[in-house]
Amino acid sequence: GLLKPLPRMASQVLKRNLDRLARVLDPVPVATQLYSDSLITQEVWDEARELGPAYTRNLKVLDALGKAVLINERAFDRFLDNLRGEQTYLPYVMELEAQLAQAREKAGVKPKTADVPGARRRDDAVDDATLMSIARDVGPKWEEMGVVLGADVRALRNEVPSDGAKGEHMKAFYMLQLCRHRHAEAFTYDKIAAALEDVGLKSCARKHCFTIR
């Protein structure tokens, strides 16, 4: 069977679109964001900046990203989130997501939480009250979850005072708020549930992101 189907499929989707993406992306902000998200190394970032045409620089960066996607299940999602912030790239984001969904469906890969008996994923707006409830359960895992969601955890670590358990859940709350602001309508319970499961909080995902029929 497929042990890690999502990274493999995401890497294949990225590879199929490599040439086109290399031609349309603005290499500087994309490479900078990928580096800050630890999806490419300092060495790749430096080498890419020294290359001439934007197309060549992008090929270097995207090749490194493809390797990261194979290792990190959420790397592809974070890459798409980076692109989603620019209106110009939205058509490409939507097409890449559609290709990945088709690949998953063809391979018979179901969402992680599809096995929850009688459960239906919430589709209402993500409000502050729910974020606070999630934050209390996330607690000390806020930083790990923040990395999965692409948040700037270093800034939060320095800006939000530490005060025992209360400090941890407040950092989790602010991290979730920032992610909601950054991703806007794309910050759904589906995204939250996937991140919770990635950091080992599947019961928290079931508790907050699903309704039982």
Side-chain angles (χ1 to χ4, degrees), residues 6-101 126 142-160 171-172 174-188 190-192 194-195 198-199:
L6 179 57
R8 204 163 300 163
M9 291 172 186
S11 183
Q12 290 169 355
V13 168
L14 185 60
K15 190 174 181 179
R16 286 201 303 269
N17 292 273
L18 196 64
D19 187 74
R20 186 171 55 152
L21 285 170
R23 294 186 187 281
V24 299
L25 297 181
D26 187 339
V28 177
V30 171
T32 302
Q33 187 64 54
L34 291 177
Y35 172 66
S36 68
D37 280 350
S38 301
L39 297 180
I40 61 172
T41 64
Q42 175 78 51
E43 183 181 3
V44 168
W45 196 56
D46 289 341
E47 288 179 5
R49 284 189 295 180
E50 292 174 3
L51 295 173
Y55 172 73
T56 309
R57 280 182 277 169
N58 279 337
L59 281 179
K60 177 75 176 178
V61 168
L62 291 171
D63 179 63
L65 174 64
K67 294 180 176 67
V69 168
L70 283 171
I71 299 168
N72 180 352
E73 183 172 355
R74 291 293 153 200
F76 193 68
D77 287 340
R78 287 159 65 189
F79 170 63
L80 292 180
D81 285 340
N82 292 339
L83 296 188
R84 194 176 281 108
E86 294 290 334
Q87 191 70 27
T88 309
Y89 300 144
L90 276 179
Y92 299 99
V93 173
M94 293 173 67
E95 185 170 345
L96 291 170
E97 289 178 333
Q99 288 183 30
L100 183 57
V126 180
W142 72 268
E143 193 166 347
E144 188 179 351
M145 185 177 178
V147 170
V148 171
L149 289 169
D152 187 350
V153 296
R154 284 174 295 185
L156 281 168
R157 196 188 306 132
N158 296 327
E159 292 174 9
V160 182
K171 286 181 180 180
Y174 291 137
M175 177 273 292
L176 290 167
Q177 279 192 317
L178 287 172
C179 289
R180 183 180 61 186
H181 176 73
R182 177 185 176 187
H183 300 303
E185 292 181 2
F187 192 65
T188 61
D190 184 68
K191 181 179 284 292
I192 295 171
D198 270 5
V199 299

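In this text the structure is predicted, and so the values were computed from the model without any measurement.
- Between Ala31 and Ile40 the shortest heavy-atom distance is O-CD1, 3.6 Å.
- Checked options Asp198, Asp152, Val153; the residue passing with Val147 is Val153 (criterion: side chain to side chain contact (heavy atoms under 4.5 Å, CB included)).
- Screening residues 50-71 for salt bridge (charged side-chain N to carboxylate O under 4.0 Å, His left out), with sequence neighbours left out, gives Glu47-Lys60, Asp63-Lys67.
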Only distances under 3.5 Å count here; give the side-chain donor-acceptor pairs of residues 175-184 to other protein atoms, sequence neighbours excluded, each with its distance to 0.1 Å.
unit_1	atom_1	unit_2	atom_2	d
Gln177	NE2	Asp128	OD1	3.3
Arg180	NH1	Val126	O	3.0
Arg180	NH1	Asp128	OD1	3.1
Arg180	NH2	Asp128	OD1	2.6
Arg182	NH1	Gly150	O	2.5
Arg182	NH2	Asn82	OD1	2.7
His183	NE2	Leu149	O	3.3

request  = Apply the test side-chain contact (heavy atoms from CB on, under 4.5 Å) to residues Lys191 and Val148: give CA-CA distance (whole Å), side-chain angles for both, the deciding distance (0.1 Å), then the verdict.
outcome  = CA-CA 10 Å; Lys191 181 179 284 292; Val148 171; over 6 Å; no

task = Tell me, with the steps shown, if Tyr55 and Asp19 meet side-chain contact (heavy atoms from CB on, under 4.5 Å).
result = CA-CA 8 Å; Tyr55 172 73; Asp19 187 74; 2.5 Å; yes

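- In this structure the side chain of Leu14 reaches within 4.5 angstrom of the side chain of Phe79, judged on heavy atoms.
- Taking the side chain as every heavy atom from C-beta outward, Tyr89 and Leu96 never approach each other to under 4.5 Å.
- By the 4.5 Å heavy-atom criterion applied to side chains, Phe76 and Val13 are counted as neighbours.
- Within 6.0 Å of CD in Glu43 there are 12 or fewer heavy atoms belonging to other residues, nucleotides or ligands.
- Leu100 places none of its side-chain heavy atoms less than 4.5 Å from the side chain of Leu80.
- The neighbour count for Arg49 CZ, taken as heavy atoms of other residues, nucleotides or ligands under 6.0 Å away, is above 12.
- To the nearest 0.5 Å, atoms CG (Leu65) and CG (Leu70) are separated by 10.0 Å.
- The shortest distance between side-chain heavy atoms of Leu62 and Leu25 falls below 4.5 Å.
- Atom NZ of Lys15 sits about 14.5 Å away from atom CG of Leu21, to the nearest 0.5 Å.
- With rounding to the nearest 0.5 Å, the separation of CG in Leu18 from CG in Asn58 is 9.0 Å.
- Residues Trp45 and Val61 fail the side-chain proximity criterion, which asks for heavy atoms closer than 4.5 Å.
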Side chain to side chain donor-acceptor pair (under 3.5 Å) evaluation trace for Glu95 with Asn17 = CA-CA 10 Å; Glu95 185 170 345; Asn17 292 273; over 6 Å; no

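- For the atom pair CE of Met9 and CD of Gln12, the computed distance is 7.5 Å after rounding to the nearest 0.5 Å.
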